[in-house]
Each structure stands twice: as structure tokens, then as C-alpha cells.
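Here the structure is laid out as C-alpha cells; the discussion comes afterwards.
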Amino acid sequence: MPRYLSLIRIDENNAPEGGPSPELMQRMGELIEEMTKNGVLLDTAGLTPTAQGSRVHYEGGRLSVTDGPFTETKEVIGGYAILQAKDKAEAIEWTKRFLKVHEPHWTVTCEVREIEEG
């Protein structure tokens with residue numbers, strides 16, 4: 001079965017103070033458990049804030065490194081999930097379920113892309 005990468009994008013500047021609520025974390029944990037039992041979720045994790053990250057850029061034969069935070073960026077990758085699904089439609093359905101566990105004050109976008117094998 002194909003694998004898919006779901007990149008979880010958030011607006012770091014407008015994320016709720018203190019991060020996810022305990023209720024959100026519980027709902028997310030329950031969904032992660034269900035996805036794992038169904039063999040859909042292969043791996044997932046959140047990422048540290050951009051203030052703790054660095055960007056390595058290559059252009060014109062030169063490398064540059066910029067330390068975060070990246071103020072010019074509105075949306076950043078806040079986490080990821082690697083899913084194994086029969087097709088893209090199924091991967092999208094699981095991603096929709098992930099988004100729906102969030103409270104309405106969250107703004108989250110997931111980009112779902114198939115992982116090319118070999």
C-alpha cells in the first residue's frame with residue numbers, strides 16, 4: 001500500500017497561548033491510537049517552534065544558514081504524520097479526522113502527498 005506524508009501547517013503567530021488544550025491532546029491521542037491499530041499511522045510527531053530551528057539554503061553554488069524564528073513566514077510546519085492507506089482519498093479522510101479533533105479557534109492546514117517509493 002502507498003504511503004503518504006501529511007505536513008501539518010500552523011500559523012505560529014496565532015497559535016493558542018500555551019499550545020493544545022488537555023482535551024485536544026486526549027482526542028488526538030484517541031485518534032492516534034485508532035489509526036495505529038488500523039495500520040494507517042506509521043509515524044507522527046510535532047516539531048519544536050521555529051525559534052529553535054535553522055534553515056539551510058542553497059543557491060548559486062552557495063550555502064547559507066539562518067537561525068529562527070522566521071518572522072517572514074506565516075505558516076510553518078508544526079508536525080507531520082506518515083500514513084499508509086489504500087489510496088490518496090483514504091489518506092485525506094484520515095487527515096480530515098485529525099483536523100476535526102481541533103477546537104474551532106485553531107487554524108491548521110495539512111498538505112497530503114504520496115511518498116515516492118524506490
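For the side chain to side chain contact (heavy atoms under 4.5 Å, CB included) test, residues two or more places apart in sequence or in another chain that qualify with E117 are R3, I115.
A donor-acceptor pair under 3.5 Å is absent between the side-chain atoms of E33 and the main chain of G29, judged by distance alone. Between the side chain of D87 and the backbone N or O of A89, at least one donor-acceptor pair lies under 3.5 Å.
With rounding to the nearest 0.5 Å, the separation of NE2 in H102 from CZ in R27 is 9.0 Å. Between L7 atom CG and C110 atom SG the span is 8.5 Å, to the nearest 0.5 Å. Here the straight-line distance linking atom OH of Y80 with atom OG1 of T44 works out to 6.5 Å at 0.5 Å rounding. Atom-to-atom distance recorded for E23:CD and Q26:CD is 8.0 Å, nearest 0.5 angstrom. Atom-to-atom distance recorded for L41:CG and T36:OG1 is 4.5 Å, nearest 0.5 angstrom. M35 CE to F98 CZ: the interatomic distance, rounded to the nearest 0.5 Å, is 9.0 Å.
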**Request:** Check the pair I8 / V108 against side-chain contact (heavy atoms from CB on, under 4.5 Å), numbers first and verdict last.
**Result:** CA-CA 7 Å; I8 303 159; V108 185; 3.7 Å; yes
**CA sep, side-chain torsions, deciding dist, call: S6, E111, side-chain hydrogen bond (donor to acceptor under 3.5 Å, both in side chains)** = CA-CA 5 Å; S6 181; E111 180 180 335; over 6 Å; no
**Message:** Evaluate Y4 against T95 for side-chain contact (heavy atoms from CB on, under 4.5 Å), listing each step before the verdict.
**Reply:** CA-CA 10 Å; Y4 297 87; T95 300; over 6 Å; no
**Request:** Mind running side-chain hydrogen bond (donor to acceptor under 3.5 Å, both in side chains) on D11 and T107 for me, showing each step along the way?
**Result:** CA-CA 7 Å; D11 180 347; T107 300; over 6 Å; no
**Asked** Given the rule in the side-chain contact (heavy atoms from CB on, under 4.5 Å) test, do R9 and V76 qualify, once you have shown the distances and angles that lead to the verdict?
**Response** CA-CA 5 Å; R9 297 181 184 274; V76 298; over 6 Å; no
**Item:** Step-by-step side-chain contact (heavy atoms from CB on, under 4.5 Å) determination, W94 to L31
**Value:** CA-CA 9 Å; W94 282 107; L31 179 61; 4.1 Å; yes
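The number of heavy atoms from other shown groups lying within 6.0 Å of CD (Q52) is above 12. The number of heavy-atom neighbours closer than 6.0 Å to CZ of R113, taken from other residues, nucleotides and ligands shown, is 12 or below.
Between A91 and V112, the closest heavy-atom pair is CB-CG1, 4.1 Å. For the pair V65 and S54, the tightest heavy-atom approach, listed with the atom from each and the gap, is CG1-CB, 4.2 Å.
Residues K96 and E93 are paired through a salt bridge, judged by an N-O separation under 4.0 Å between the basic side chain and the carboxylate. The existence of a salt bridge linking E114 and K88 is excluded, since no basic side-chain nitrogen approaches an acidic carboxylate oxygen closer than 4.0 Å.
Both L42 and L47 sit in one connected hydrophobic cluster of ILVMFWY residues. Membership requires side-chain heavy atoms under 4.5 Å apart, directly or through other members.
In this structure, a donor-acceptor pair under 3.5 Å is present between the side chains of E12 and T50.
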